[in-house]
Amino acid sequence: MASLPLSSLDKYRSHLNGEEEQNTQWRFGAPPNYDTVNKLFEEGRTKVWPAGSLEERVQNLVKSWEMEIFHKTSFDDNKTLDPNKYTVSLNGRKAITLEEKRKLGGGYNSLLQTSLPEKFRCYNPAEETEDSSHIAFTTAFPRGFALEVVQVYSGPPVIVYKFRHWGFMEGPFKGHAPTGEMVELYGMAIFELDEQSNKIVKIEFFYDRGELLGGLTKGEASDDSTKEVPSSCPILKNTG
């Protein structure tokens, strides 16, 4: 695959380019390119936060964390979080470490855990790998799954905020044909930072995964819609 030119420093994400990333182990061999999802974000966001505001700083932290957690394969390359202390939980479930997250299949799997019986799971994280999960969602959302912070209730060291994720289902998902419709997910999160290092040590997410999966399973089921094909250049694929 021919190498791609890197965009200029991403204005929403730290720790993506530059000297400090020379030895970073990237999942696809090079930093991801967020140009497409940045365009989606700028066209569809409901808030434009003032430069330097708490809201902008929280939003950029979340985007930087999300980029690292999806695209950096070595725990030690994560600069937004402390890999030795970090845990994440969903909807009050047991908190997990980075290693436990990897054992769950990484990617979206740890963020879509459910207690539903398997026969009711339109997306079953127990059966997905990090690669199959990545392919499923980047195929469904070819322009990415944008993220904005819509309100910040408290600042560091314990950040509490409300977020909105959205994208357009322009590709198939798990046997369901694309609808072209916007799929939105709202939720709350708590990010706890170490007061000395300013790195994330604990995250708690609260949201209804059905808001996401319901929108992705509205399309008619057909044989053609099951053919989820990854991009020929996965560096272009991004999350939010």
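Hydrogens, waters and symmetry mates play no part in the numbers below; they use all other heavy atoms, side chains included.
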Check your understanding: If you take all heavy atoms of W166 and L147, which pair is closest and at what distance?
Key -> CZ3-C, 4.0 Å
Point to revise | S132 side chain vs E128 backbone, donor-acceptor pair below 3.5 Å | key: no
Check your understanding: Got a second to check how far M182's CE is from E170's CD, nearest 0.5 Å?
Key -> 10.5 Å
Check your understanding: Does I190 share a hydrophobic cluster with M188, counting links as ILVMFWY side-chain heavy atoms below 4.5 Å and allowing steps through other members?
Key -> yes
Check your understanding: Can you tell me if T73 uses its side chain to pair, donor with acceptor, with the backbone of Q25 under 3.5 Å?
Key -> yes
**Study point:** Candidate pair I159 and L61, rule side chain to side chain contact (heavy atoms under 4.5 Å, CB included), full reasoning
**Key:** CA-CA 11 Å; I159 302 168; L61 171 64; 3.9 Å; yes
Practice item. For S89 and A95, work out which heavy atoms get closest and say how close. Key: CB-CA, 3.8 Å
Practice item. Identify, with sequence neighbours excluded, every residue that meets side-chain contact (heavy atoms from CB on, under 4.5 Å) alongside Q151. Key: Y153, K162
Point to revise | Heavy-atom closest pair, residues A177 and M169 | key: O-CE, 3.5 Å
**Study point:** Shortest non-hydrogen contact from D76 toward P83
**Key:** OD1-CG, 4.1 Å
Review point. Can you say whether the rings of H165 and F163 are parallel (under 30°), tilted (30 to 60°) or perpendicular (over 60°)?
Key: perpendicular
Practice item. Decide side chain to side chain contact (heavy atoms under 4.5 Å, CB included) for V152 and E56; before the verdict, give the C-alpha distance in whole Å, the side-chain angles of both, and the deciding distance to 0.1 Å. Key: CA-CA 10 Å; V152 177; E56 185 202 47; over 6 Å; no
Exercise for review: Take L216 and F141 through the test side chain to side chain contact (heavy atoms under 4.5 Å, CB included) and record every step on the way to the result.
Suggested key: CA-CA 10 Å; L216 289 172; F141 296 124; 3.7 Å; yes
List, one per line, each side-chain donor-acceptor pair under 3.5 Å for residues 44-52, sequence neighbours excluded.
from: T46; atom 1: OG1; to: E148; atom 2: OE1; distance (Å): 3.4
from: T46; atom 1: OG1; to: E148; atom 2: OE2; distance (Å): 2.8
from: W49; atom 1: NE1; to: V149; atom 2: O; distance (Å): 2.8

Review point. Does the side chain of E211 come within less than 4.5 Å of E184's, by heavy atoms?
Key: no
Point to revise | V160-V201 co-clustered via ILVMFWY side chain contacts under 4.5 Å | key: no
Practice item. Return the orientation label for the F191 and Y161 ring planes: parallel under 30°, perpendicular over 60°, tilted otherwise. Key: perpendicular
Exercise for review: Following the transitive rule for hydrophobic clusters with a side-chain heavy-atom cut-off under 4.5 Å over Ile, Leu, Val, Met, Phe, Trp and Tyr, establish whether F206 and V158 coincide in one cluster.
Suggested key: yes
Study note, to complete from the structure: Nearest heavy-atom contact between W26 and L16 is CZ2-O, 3.5 Å
Check your understanding: Taking the six-membered ring for Trp, are H134 and F28 parallel (under 30°), tilted (30 to 60°) or perpendicular (over 60°)?
Key -> tilted
Check your understanding: So, the side chain of T97 versus the backbone of E100: is there a donor-acceptor pair under 3.5 Å, distance only?
Key -> yes
**Study point:** Side chain proximity check, V183 to F173, heavy atoms < 4.5 angstrom
**Key:** no
Exercise for review: Keeping the roles fixed (side chain from T24, backbone from D77), state whether a donor-acceptor pair exists under 3.5 Å.
Suggested key: no
Point to revise | Crowding at CD, Q196 (>12 non-hydrogen neighbours, <6.0 Å) | key: no
Review point. Using 4.0 Å as the upper bound for N to carboxylate O, is an ion pair formed by E68 and K79?
Key: no
Review point. Is D10 reaching over with its side chain to a backbone N or O of Y12, donor-acceptor style, under 3.5 angstrom?
Key: yes
Check your understanding: Does the ring center of F137 lie less than 6.0 Å from the ring center of Y123?
Key -> yes
Point to revise | E20/H15 under side chain to side chain contact (heavy atoms under 4.5 Å, CB included): CA gap, chis, key distance, verdict | key: CA-CA 7 Å; E20 65 176 2; H15 317 304; 2.9 Å; yes
Point to revise | hydrophobic_cluster_shared for V150 and L40, side chain cutoff 4.5 Å | key: no
Review point. Taking all non-hydrogen atoms of both residues, which atom of D35 and which atom of N33 are closest, and how far apart?
Key: N-OD1, 2.8 Å
Check your understanding: Is there a donor-acceptor pair closer than 3.5 Å between any side-chain N or O of N78 and the backbone N or O of F75?
Key -> yes
Point to revise | Note: K72-E21 ion pair, threshold 4.0 Å (strictly below) | key: yes
Check your understanding: Does the ring of F41 carry K63 above it, NZ/CZ under 6.0 angstrom from centre and within 45° of its axis?
Key -> yes
Check your understanding: Are P156 and V58 side-chain neighbours, meaning at least one heavy-atom pair lies under 4.5 Å?
Key -> no
Check your understanding: Backbone N or O of L90 within a donor-acceptor pair of the Q113 side chain at under 3.5 Å?
Key -> no
Review point. How many angstroms lie between OG in S133 and CG in N109, if you round to the nearest 0.5 Å?
Key: 4.5 Å
Check your understanding: Does the distance from a Lys or Arg side-chain N to an Asp or Glu carboxylate O, for E181 and K218, drop under 4.0 Å?
Key -> yes
Review point. So among L81, I200, I96, which one has a side chain to side chain contact (heavy atoms under 4.5 Å, CB included) with V88?
Key: I96
**Study point:** Spatial distance of atom OG1 (T129) from atom CG (L104) [nearest 0.5 Å]
**Key:** 13.0 Å
